[in-house]
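Each remark here refers to the structure printed beneath this line.
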Amino acid sequence: MRRIGSSARLLGPLPTRQRFLRPPGRPLQAMNDLSAAQPEPAEQGGESPSLLAQMAAGVAFANNRVPEGETRAQRLHRLRHSAAHVLAEAVLQMFPEAKFGAGPAVENGFYYDIDLPRSLVPADLEEIERRMKKIIKRGWPFAAAQVPLDEARQLFGGANQGYKLEILDKIAGRGEATVSLFRQNQFVDLCAGPHVSSTGKLKFFKLTKLGAAYWQNKAGNPMLQRVYGTAWETQEDLDAYLHFLEEAKKRNHKRLGEQLDLFHFHPEAPGAAFWTPRGFAVLQTLLSYWRDQQRRRGYQEIFNPMLYKKDLYIRSGHYKHYKDDMFIIHQEDTEYCLKPMNCPDTFLYYTSKKRSFRELPLRVAEGGILHRNEVAGALNGLFRVRQFMQDDAHIFVMPEQVESEIFEVLDIVREVYALFGMSWSLTLSTRPESFMGEAALWDQAEADLKAALDKTGEKYSLDVGGGAFYGPKIDIRIDDCLGRKWQCATIQLDFQQPLNFDMKYTASDNTPHRPIVIHRAIFGSFERFIGVLLEHTGGALPTWLSPVQAVVVPISDKSLDYAWQIAKRLQSHGLRVEVDDRSEKMGYKIREAEMLKTPYMLVVGEKEAETGTVSVRTYKDGARPQGSVEAVEAEICDVVARRVFDVEVKPLRTFDSEPESAAADDEY
RNA sequence: GCUGGCGUAGCUCAACUGGCAGAGCAGCUGAUUUGUACUCAGCAGGGUGCGGGUUCAAGUCCCGCCGCCAGCUCCA
């Protein structure tokens with residue numbers, strides 16, 4: 001069994017968002033049985049009783065009590081959860097044999113997981129939506145009932161709802177004697193509630209996507225069909241959310257990568273980016289910023305091999321815990337591994353000679369190329385690749401240096417994210433139930449991490465028991481301008497690997513001591529970070545990172561010489577400058593430069609050549625009056641040298657965290 | 001990996017129920033010498049992802065593989 005992207009839990013920081021399991025090989029439910037007869041549409045909006053409703057005929061339902069004094073988030077949650085029930089009823093009308101899994105409200109919407117005799121297609125969404133609208137229009141009341149567990153078992157068993165029986169078993173396991181049921185029209189569900197008073201309250205919803213999910217999210221369980229929807233209190237909110245979805249689609253980094261000619265993917269190397277000259281310029285610029293920062297902050301950079309005998313990973317534990325994610329090469333009788341993380345080989349560097357306490361903290365960075373054998377279905381543009389680079393570093397410290405060193409690392413986090421106009425949030429994860437090492441060492445380390453966090457003045461949340469077995473950690477999530485959260489950076493303490501690699505340093509009393517290792521990455525993977533940055537900026541990168549920083553646009557061939565003169569002058573400062581020397585009209589060239597989101601367009605014609613000036617147009621602000629060459633030269637050099645975030649990032653509202661709206665006290 | 005969808009020119013996409021593979025952009029050639037988001041004309045470009053099969057006939061139907069996209073975080 002194997003988790004995707006679970007590496008953050010095992011020696012070496014890698015951001016994780018999703019986890020999927022390797023299949024344990026259990027056969028999955030057949031979902032595409034098209035021979036199954038399509039039921040007659042129940043046009044009466046469910047007037048003929050469903051099996052569920054028949055089974056629940058004896059249950060005494062009473063009016064649903066709507067809670068008072070809720071927050072907007074609670075109201076939305078109730079609204080969406082109710083929408084999930086209506087969705088389920090609509091599906092039940094279409095498929096009387098539907099078996100229902102779970103149908104919760106989630107961030108920005110709701111879903112229902114359903115086992116159906118055939119796969120749903122997008123056209124089905126329209127039909128489901130049509131039926132939902134009908135149910136909503138009828139304004140069926142939501143009614144609640146409390147029944148003994150056994151009665152619920154009989155009811156759902158009789159209605160052939162096996163998944164609900166499993167949920168009932170789980171509830172029974174919690175020692176509860178009764179469960180609550182909710183009913184609207186012909187649909188009855190096991191549900192804790194609360195719900196809206198009637199289906200009539202659910203006016204502003206839309207089904208958004210179809211997908212699949214394992215029952216209980218466990219690989220090997222049957223795969224259910226998941227229908228996603230969104231629901232809101234007002235039409236405006238719904239429209240704004242749908243607009244947000246559109247905007248997010250436009251900012252898809254894979255699409256921008258193609259449009260801006262930054263990188264490609266090729267079936268011959270799945271999961272590995274091919275960087276174009278433009279894209280590689282961005283990557284290189286980011287790397288050189290990173291190297292500059294590492295030098296400033298007292299790190300040494302090493303460059304180690306990419307291929308190792310398996311012995312190294314047996315020693316580090318990766319071969320046992322991480323083998324499925326590693327590319328393994330058999331060469332004659334020897335097994336080699338492509339390195340999936342920088343830590344083990346960095347440790348070989350540490351132990352390559354005798355270390356003194358005077359060397360600590362020893363900060364060792366490595367940005368080598370890593371390979372991880374991610375399962376095919378997990379690959380996703382630059383966000384999840386099989387080959388990538390990390391801004392990885394390992395810091396070898398004495399226990400008493402933990403606090404100050406963590407503080408330093410947090411300061412790098414601040415520096416980096418501030419550079420891109422991103423906000424971030426911190427989480428401290430503490431000792432899990434199963435841990436290695438001495439509890440006292442953990443307590444001290446956690447206290448040090450807290451102290452360092454407090455010293456930064458930033459707020460942070462606690463994930464008690466969320467640490468890795470080998471040490472506590474701090475995870476950092478960044479927010480992009482669409483309010484989406486990304487985990488890039490992590491800072492982890494490690495008590496385990498110093499033992500595995502028998503790391504030592506000689507203390508001032510001439511006795512050997514064990515160092516602690518801090519793993520840290522701030523960009524995380526450079527590939528992924530560039531993906532996030534593209535989505536954050538919509539592809540308009542700040543001048544210092546832009547693939548081409550300025551394009552000189554001669555008005556006609558007559559101004560070509562002057563154009564090159566300007567370009568060479570700027571290039572002499574190391575700027576990335578091109579001349580658009582094609583014999584096209586300038587409008588055409590401007591359009592092209594705009595579409596490539598080039599920060600500076602320098603228009604030169606005969607007027608400019610005569611006066612030794614340029615007409616500046618910027619991507620951000622449009623055309624400016626003619627100006628001196630010196631002025632624009634100084635300006636570009638300045639924003640590049642200072643790495644100014646000179647792009648407009650239009651923040652879109654984040655929906656569920658929005659303040660209370662005026663229409664709030666409407667009763668549902 | 002699993003479920004579903006998709007794969008046609010460098011890119012974006014057409015081709016009704018199987019019946020002559022098309023367009024725009026990009027590219028090339030020529031003309032044009034242009035003042036802030038597309039100048040005109042011509043040319044070239046394809047065993048329709050790969051491998052099998054059905055058929056008089058396959059881009060289209062069937063099987064297998066490869067790749068891409070979405071879902072596989074929220075658990076009454």
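In this text the structure is predicted, and so the values were computed from the model without any measurement. Chain naming here is simple, since letters A, B, ... match the order of the sequence lines and numbering starts at 1 in each.
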Using a cut-off of under 3.5 Å, enumerate the N/O to N/O pairs linking the protein to nucleotides 68-70 of chain B.
residue : atom : partner  : partner atom : Å
B/C69   : OP1  : A/Lys254 : NZ           : 3.4
B/A70   : OP1  : A/Lys254 : NZ           : 3.4

Expressed as a whole number of angstroms, how long is the span from [X]:[atom1] to [N]:[atom2]?
| X | N | atom1 | atom2 | answer |
| --- | --- | --- | --- | --- |
| A/Ile555 | B/U32 | CD1 | P | 20 Å |
| A/Leu224 | B/C72 | CG | P | 13 Å |
| A/Lys589 | B/A37 | NZ | P | 14 Å |
| A/Met223 | B/U3 | CE | P | 8 Å |
| A/Leu125 | B/G71 | CG | C1' | 13 Å |
| A/Glu608 | B/U34 | CD | P | 14 Å |
| A/Asp324 | B/G1 | CG | P | 13 Å |
| A/Arg80 | B/C75 | CZ | C1' | 17 Å |

Next on the checklist: Classify A/Lys164 by what it touches in the nucleic acid, base, sugar-phosphate, or nothing, heavy-atom distance under 4.0 Å.
Outcome noted: nothing

Checklist entry - If you look at every strand shown and take non-hydrogen atoms under 4.0 Å, does A/Arg174 touch a base, only sugar-phosphate, or nothing? => result base

Would you call [X] and [Y] a salt bridge, using N to O less than 4.0 angstrom?
| X | Y | result |
| --- | --- | --- |
| A/Arg183 | A/Asp189 | no |
| A/Asp475 | A/Arg477 | no |
| A/Asp237 | A/Arg72 | yes |
| A/Arg75 | A/Glu70 | no |

Over 60° means perpendicular and under 30° means parallel, so tell me whether [X] and [Y] are parallel, tilted or perpendicular.
| X | Y | answer |
| --- | --- | --- |
| A/His371 | A/Phe327 | perpendicular |
| A/Phe274 | A/His266 | tilted |
| A/Phe100 | A/Phe187 | perpendicular |

Item to check | salt bridge (charged side-chain N to carboxylate O under 4.0 Å, His left out) between A/Asp113 and A/Arg226, intermediate numbers included | outcome: CA-CA 4 Å; A/Asp113 284 345; A/Arg226 178 171 291 183; 2.7 Å; yes

Selected nucleotide, minimal atom distance to [X] side chain, candidates [options]:
| X | options | answer |
| --- | --- | --- |
| A/Ile590 | B/U34, B/A37, B/C75 | B/A37 |
| A/Val375 | B/U36, B/A37, B/G1 | B/G1 |
| A/Asp557 | B/G35, B/A76, B/U33 | B/U33 |
| A/Lys558 | B/U34, B/G35, B/C72 | B/U34 |
| A/Val179 | B/U34, B/C11, B/A76 | B/A76 |

Item to check | A/Tyr214 (side chain) and B/G1 (base): donor-acceptor pair under 3.5 Å | outcome: yes

Item to check | A/Tyr228 side-chain N/O to B/C72 phosphate OP1/OP2 under 4.0 Å | outcome: yes

Item to check | Value rounded to 0.5 Å, distance of CZ in A/Arg174 from CG in A/Asp169 | outcome: 12.0 Å

Item to check | Dot-bracket notation for RNA chain B, counting Watson-Crick and G-U pairs under 3.5 Å, with | for partners on another strand | outcome: (((((((..((((.....[..)))).(((((.......))))).....(((((..]....))))))))))))....

Distances under 3.5 Å between protein N/O atoms and the N/O atoms of nucleotides 23-31 of chain B, please, pair by pair.
residue : atom : partner  : partner atom : Å
B/A26   : OP1  : A/Tyr588 : OH           : 2.8

Next on the checklist: Is the distance from the ring center of A/Phe61 to that of A/Phe142 below 6.0 Å?
Outcome noted: no

Checklist entry - Just checking, A/Arg80 and A/Phe110: is the charged tip under 6.0 Å from the six-membered ring centre and within 45° of the axis? => result no

Checklist entry - Does B/G59 sit syn or anti, given that only angles within 90° of 0 count as syn? => result anti

Item to check | B/C43 to B/G22 separation - P atoms, rounded to the nearest Å | outcome: 15 Å

Checklist entry - Is the backbone N or O of A/Phe383 less than 3.5 Å from a side-chain atom of A/Asn380, with the two atoms forming a donor-acceptor pair by type? => result no

Checklist entry - Would you say the side-chain atoms of A/Glu635 and A/Tyr600 include a donor-acceptor pair closer than 3.5 Å? => result yes

